[in-house]
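Written below as structure tokens is the structure these notes are about.
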Amino acid sequence: MGKPVALTGIKPTGTPHIGNYFGAIKPALELANDYDARYFIADYHALNTMKEPKELKRLTFEIAATWLAFGLNPESTLFYRQSRVPQTFELTTFLSAFTPKGFMNRAHAYKAVVAQNTQEERDLDDGVNMGLYTYPILMAADILLFDTDLVPVGKDQKQHIEIAADIAQTINYHYQKEILRVPKPLIQESTELILGLDGRKMSKSYQNVIPLFATSKNLRKTIMKIVTNSQAVEEPKNPEGCTIFTLFKLFSNKIEQDELKERYLAGGMGWGHAKEALFEKMDQFLSPFREKYNQFIQDPSYIEKNLIEGEKKARDIAEKTMTKIRTIAGFY
Ligand code: ADP
Ligand code: TRP
């Protein structure tokens, strides 16, 4: 028996942010020693919303440089672009034949657009392409193609992994054989939902993100934009539920947290001071990674070389899965 498999993907749809780091990248890299790790760039998923070729390419390299900056080792971790593993798209077609349409109707991302359209009295399917509608099937293919046991992600992805597990079980039951491994999500409670500048989930789609690799100056400017209430400097403030304090906890130890908590409760601390404290901790944590990121992003041929090597190995693994499936399904 080999090691269990951990797999996750990130879409190149925007600049990587601290929600991506705590929700997916950090837990994924922590698994890399004990698991057979397979981490990829979900560029075909990105195509649903990102259709500008140059931008897609630029963001793909940004995501790749991010993984490398935080320590992904391409020698021991399979590292690839989804688009370079064509078996993914064959598996998507195969899975589609076993996926009830109702699963797609219930998927959160699609439902959110329909809800918005309803509210704004537009046609229900306005702005919905088939890529968005069948998004969970492509994601199931990413996962099932690589014999995945565990998928480190943020909470927003939980439903997608449940759908992948359901599809795998349906297929195993149909053929009365364990041909697809049934995956489980890994969602850490403390980092399952990182808050953005406006107190909602940090997300590229809400434009409320704190980028991982902004310059110190821009990081500071971004942090100063965190939305707060209008309490005056002298008023005591409640750290619980405060976006600034919640973010501060991610970058500090218990003693530092208690210190800031006291300053909140004592009064005399303005929001600007709390933001300054957050900026200092965040900047201190991020600056060594920022340096590495800047080195990698300036060396696209190094990134390309590593991806291409990973993609060769990824296709070999994928082809084994597809051969098994084609055989059992009666295509061979
Ligand atoms: P976004 O929502 O900004 O478009 P992605 O969908 O590309 O981000 O997410 C990539 C990974 O990062 C996923 O595993 C997702 O769950 C995780 N993630 C994104 N935003 C957050 C967040 N605010 N908190 C925790 N995890 C997050
Ligand atoms: N849907 C994920 C997101 O929006 C990205 C993704 C695509 C993914 N395929 C995956 C994550 C497979 C985990 C496993 O963040």
Side-chain angles (χ1 to χ4, degrees), residues 5-29 31 35 37-50 56 59-60 62-64 66-67 70 78 80-83 85 88-89 91-92 95 107-110 112 131-132 134-165 167-168 181 183-212 243 246-247 249-250 314 318:
V5 173
L7 171 142
T8 200
I10 299 184
K11 286 176 297 182
T13 46
T15 295
H17 56 77
I18 66 166
N20 298 145
Y21 174 68
F22 286 103
I25 298 172
K26 181 169 183 261
L29 292 173
L31 293 174
Y35 281 70
R38 302 170 175 183
Y39 301 147
F40 69 97
I41 301 160
D43 47 2
Y44 258 108
H45 273 114
L47 186 66
N48 294 323
T49 52
M50 164 52 61
L56 182 67
L59 291 168
T60 296
E62 277 196 14
I63 303 289
T66 302
W67 277 112
F70 283 111
L78 196 66
Y80 57 97
R81 283 163 288 207
Q82 176 193 40
S83 59
V85 185
T88 307
F89 314 108
L91 184 55
T92 302
L95 300 182
H108 296 319
Y110 166 69
L132 170 67
T134 60
Y135 187 107
I137 310 183
L138 178 56
M139 180 154 161
D142 294 330
I143 296 171
L144 302 177
L145 191 58
F146 287 97
D147 294 326
T148 306
D149 293 285
L150 204 58
V151 189
V153 280
K155 193 180 170 190
D156 59 312
Q157 297 301 314
K158 185 167 182 256
Q159 188 196 31
H160 290 148
I161 296 150
E162 287 165 355
I163 292 176
I167 299 174
R181 204 174 283 179
K184 284 198 177 62
L186 174 72
I187 299 168
Q188 287 169 349
E189 215 182 302
S190 59
T191 53
E192 63 180 20
L193 204 161
I194 305 298
L195 300 181
L197 299 176
D198 54 2
R200 293 190 293 170
K201 176 203 163 209
M202 184 177 293
S203 172
K204 290 164 229 163
S205 14
Y206 297 154
Q207 293 168 349
N208 63 355
V209 308
I210 303 180
L212 282 163
T243 307
T246 310
L247 290 170
K249 282 203 276 193
L250 298 167

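Atoms considered below: every heavy atom in the structure, side chains included; atoms not considered: hydrogens, waters and symmetry mates. Atoms within a ligand are numbered from 1 in the order they appear, just like the ligands themselves.
Remark: the backbone N or O of A28 is paired with a side-chain donor or acceptor of Y39 at under 3.5 angstrom. With hydrogens and angles ignored, the 3.5 Å screen pairs no side-chain donor or acceptor of T8 with any backbone N or O of A24. Judged by distance alone, with hydrogens and angles left aside, the side-chain atoms of Q159 form a donor-acceptor pair with the main-chain N or O of H108 at under 3.5 Å. Checking side-chain atoms of T148 against main-chain N and O of L150 turns up no donor-acceptor pair under 3.5 Å.
Ranking protein heavy atoms by distance to atom 25 (C) of ligand 1, first place goes to E192 O, 3.3 Å. For atom 18 (N) of ligand 1, the nearest non-hydrogen atom of the protein is G19 O, 3.7 Å. For atom 24 (N) of ligand 1, the closest non-hydrogen atom on the protein side is I194 N, 2.8 Å. Looking at atom 13 (C) of ligand 1, its nearest protein heavy atom turns out to be Q157 CG, 4.0 Å.
Of the listed options H17, H45, K204, K204 places a heavy atom closest to atom 5 (P) of ligand 1. By heavy-atom distance, the residue among D156, I10, N20, I18 lying nearest atom 8 (O) of ligand 1 is N20.
Considering backbone and side-chain atoms alike, K201 places an N or O below 3.5 Å from some N or O of ligand 1. Considering backbone and side-chain atoms alike, M202 places an N or O below 3.5 Å from some N or O of ligand 1. The shortest N or O to N or O distance between A24 and ligand 1 is not below 3.5 Å. Considering backbone and side-chain atoms together, S203 places an N or O closer than 3.5 Å to an N or O of ligand 1. Considering backbone and side-chain atoms together, K155 places no N or O closer than 3.5 Å to any N or O of ligand 1.
Looking at heavy atoms from C-beta onward, V85 lies in side-chain contact with F146 at the 4.5 angstrom threshold. Looking only at side-chain heavy atoms (C-beta outward), R181 and V5 come within less than 4.5 Å of each other.
Under the side chain to side chain donor-acceptor pair (under 3.5 Å) criterion, T134 pairs with no residue at all, not counting sequence neighbours. Residues that satisfy the side chain to side chain donor-acceptor pair (under 3.5 Å) test with T15, not counting sequence neighbours, are E62.
D43 and S83 are linked by a side-chain donor-acceptor pair at a separation below 3.5 angstrom, with hydrogens and angles left out of the test.
Ring geometry for Y80 against F40 counts as parallel: the plane angle stays under 30°, on a 0 to 90° scale with 60° as the upper cut.
In this structure, the ring of Y44 has its center less than 6.0 angstrom from the ring center of F89. Ring pair F70/Y21: centre-to-centre distance below 6.0 Å.
Distances below 4.0 Å separate heavy atoms of T191 from the following atoms of ligand 1: 25 (C). Ligand 1 places these atoms under 4.0 Å from at least one heavy atom of K11: 6 (O), 7 (O).
Put simply, no part of L195 is less than 4.0 Å from ligand 1, judged by heavy atoms.
Pairs of residues two or more places apart, or lying in two chains, that qualify as salt bridge (Lys or Arg N to Asp or Glu O under 4.0 Å) and include a residue from residues 200-211 are D156-K201, D198-R200.
Under 4.0 Å from any atom of ligand 2, one finds heavy atoms of residues L7, T8, G9, K11, F40, A42, H45, Y135, M139, D142, I143, V151, V153, Q157.
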